Protein chains: 2
Amino acid sequence: MNEAQAIVGFVADEIAVALLGQVMTLSGQVTERMRAGLERLDLTESVANLVWLLRPDTDPLPLRKLAAQLHCDPSNVTLLSAKLEERGLAERRPHPRDGRVRTLVLTADGRRVREELIELVARHSPLAGLDKTEQKQLHALLDKAIASA
Amino acid sequence: MNEAQAIVGFVADEIAVALLGQVMTLSGQVTERMRAGLERLDLTESVANLVWLLRPDTDPLPLRKLAAQLHCDPSNVTLLSAKLEERGLAERRPHPRDGRVRTLVLTADGRRVREELIELVARHSPLAGLDKTEQKQLHALLDKAIASA
DNA sequence: AGACAATACATGAGTTACTCAAGCTTCTAG
DNA sequence: CTAGAAGCTTGAGTAACTCATGTATTGTCT
């Protein structure tokens with residue numbers, strides 16, 4: 001038994017590694033699909049990722065929270081937000097109770113673009129190929145996984 | 001019914017959108033987990049992504065194929081490969097039959113680093129929190145989804 | 001109330017990953 | 001044998017991102 005095999009022995013589950021690969025593959029496919037349509041929407045990938053987080057049906061999020069969800073520095077979100085404002089797709093609003101906080105809210109145009117974005121990726125998503133039952137199973141499993149983290 | 005709602009009406013499945021979000025969330029969590037350990041392994045994220053693809057148990061891949069899997073330009077893989085060679089983790093070998101093609105192969109050190117990388121993310125993966133039965137179900141569902149793309 | 005630390009965002013500089021265009025070598029087709 | 005295509009490399013340029021710093025606001029401790 002050589003050293004490499006010994007280390008392999010440590011790896012908890014072969015199947016967990018395979019699952020990881022699958023998730024990353026899917027994520028890559030979706031991202032690439034999105035890229036293809038971004039030119040038409042005149043968005044960059046990083047801006048699109050921000051738009052994706054800006055749900056119109058919930059309370060607007062502080063820039064700091066958005067940075068956390070994007071796994072990047074808050075200063076980066078400042079730049080992305082400025083780009084969205086320039087294009088008239090969102091606007092920064094002061095937080096009603098905390099003067100330090102800025103929240104980012106989509107405009108009507110922004111909401112429209114967001115729907116197009118979702119449409120773009122959801123329509124051709126590999127996950128859309130599953131039937132309803134499978135989708136529900138998958139949703140439950142992923143939900144459990146995410147919650148356990 | 002306003003315009004935004006009309007567009008919402010087009011979105012095939014609400015649940016498919018939710019699934020998309022889950023996959024992207026998981027992918028983000030895994031990536032962030034990986035980042036945390038990359039400093040210790042002295043790797044950058046992009047180099048690590050390449051190492052991830054360099055399976056020692058299959059035929060070595062041409063740089064072009066690797067570029068396709070990474071969704072990036074071949075010239076970028078040239079750079080990443082050079083970094084791997086500098087660190088002695090991989091070496092470019094000419095293809096036995098086609099003189100134009102270079103394949104990338106991990107060295108013994110490279111294989112060791114790759115196992116550490118897998119260990120790093122697999123051990124703490126949210127997916128590792130599921131039990132064996134759930135993992136198998138999930139694997140089957142994801143496999144079907146990926147195949148349908 | 002007043003001082004001090006902490007939080008949230010903004011700004012500027014610098015780094016890195018990446019793309020694109022052009023060039024070289026090798027393979028393939030007529 | 002020549003023309004074209006395919007694969008990799010090189011160099012230049014760009015965009016995204018981080019880090020350090022600055023400013024305004026909030027919370028806390030006495």
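Bear in mind that the values here come from a model prediction, so they are computed numbers and not experimental data. By convention in this document, chain letters (A, B, ...) are assigned in the order of the sequence lines, proteins followed by strands, and residues within each chain are numbered from 1.
Mapping A/Arg100 and A/Leu79 onto DNA chain C by nearest heavy atom places A/Arg100 closer to the 5' end of the strand. Along DNA chain D, the nucleotide closest to A/Arg97 and the one closest to A/Pro74 are compared, and the more 5′ of them pairs with A/Pro74. For A/Thr44 and B/Arg92, each mapped to the nucleotide of DNA chain D holding its nearest heavy atom, the one lying further toward the 5' end belongs to B/Arg92.
For the pair A/Leu104 CG and C/dC9 C1', the computed distance is 13 Å after rounding to whole Å. Rounded to whole Å, atom C1' of D/dG11 lies 13 Å from atom CG of B/Asp73. For A/Leu61 and C/dA8, the CG to C1' distance is 15 Å, given to the nearest whole Å. At whole-Å resolution of the value, CG in A/Leu66 and P in C/dA8 are 13 Å apart. Straight-line distance from the CG atom of A/Leu80 to the P atom of C/dT11: 14 Å, rounded to whole Å. Atom C1' of nucleotide D/dG7 and atom CG of B/Leu63 are separated by 9 Å, given to the nearest angstrom. For the pair A/Arg64 CZ and C/dA10 P, the interatomic distance rounds to 12 Å; values are reported in whole Å. Across the protein-nucleic acid pair, A/Glu85 atom CD and C/dA10 atom C1' stand 12 Å apart, rounded to whole Å.
When heavy atoms are screened at a 4.0 angstrom cut-off, B/Lys83 is found touching the sugar-phosphate backbone but no base atom. Nucleic acid contact class of B/Ser75 (heavy atoms, under 4.0 Å, all strands): base.
The hydrophobic cluster containing B/Leu43 does not contain B/Leu79, counting ILVMFWY residues as joined when their side-chain heavy atoms lie under 4.5 angstrom apart, directly or transitively. Cluster annotation: A/Val47 and A/Val105 are assigned to distinct hydrophobic clusters (Ile/Leu/Val/Met/Phe/Trp/Tyr, side-chain heavy-atom contacts under 4.5 Å, transitive).
Atom-to-atom distance recorded for A/Leu80:CG and A/Leu66:CG is 9.5 Å, nearest 0.5 angstrom.
Nearest to the side-chain atoms of B/Asp98 among the listed nucleotides C/dC18, D/dT9, C/dT26 stands C/dT26. Of the candidate nucleotides C/dC18, C/dA8, D/dT9, C/dA8 has the atom nearest to the side chain of A/Val101. Comparing atom distances between the A/Ser46 side chain and each of D/dC17, D/dT9, C/dA17 picks out D/dC17 as nearest. Taking the side chain of B/Pro62 as heavy atoms from C-beta on, and the options D/dC8, C/dA8, C/dT19, the nearest nucleotide is D/dC8.
The residues A/Arg93 and A/Glu91 are annotated as salt-bridged, a charged nitrogen and a carboxylate oxygen being separated by less than 4.0 angstrom.
Residues B/Ala122 and A/Val17 approach most closely at CB-CG2, 3.8 Å, considering heavy atoms.
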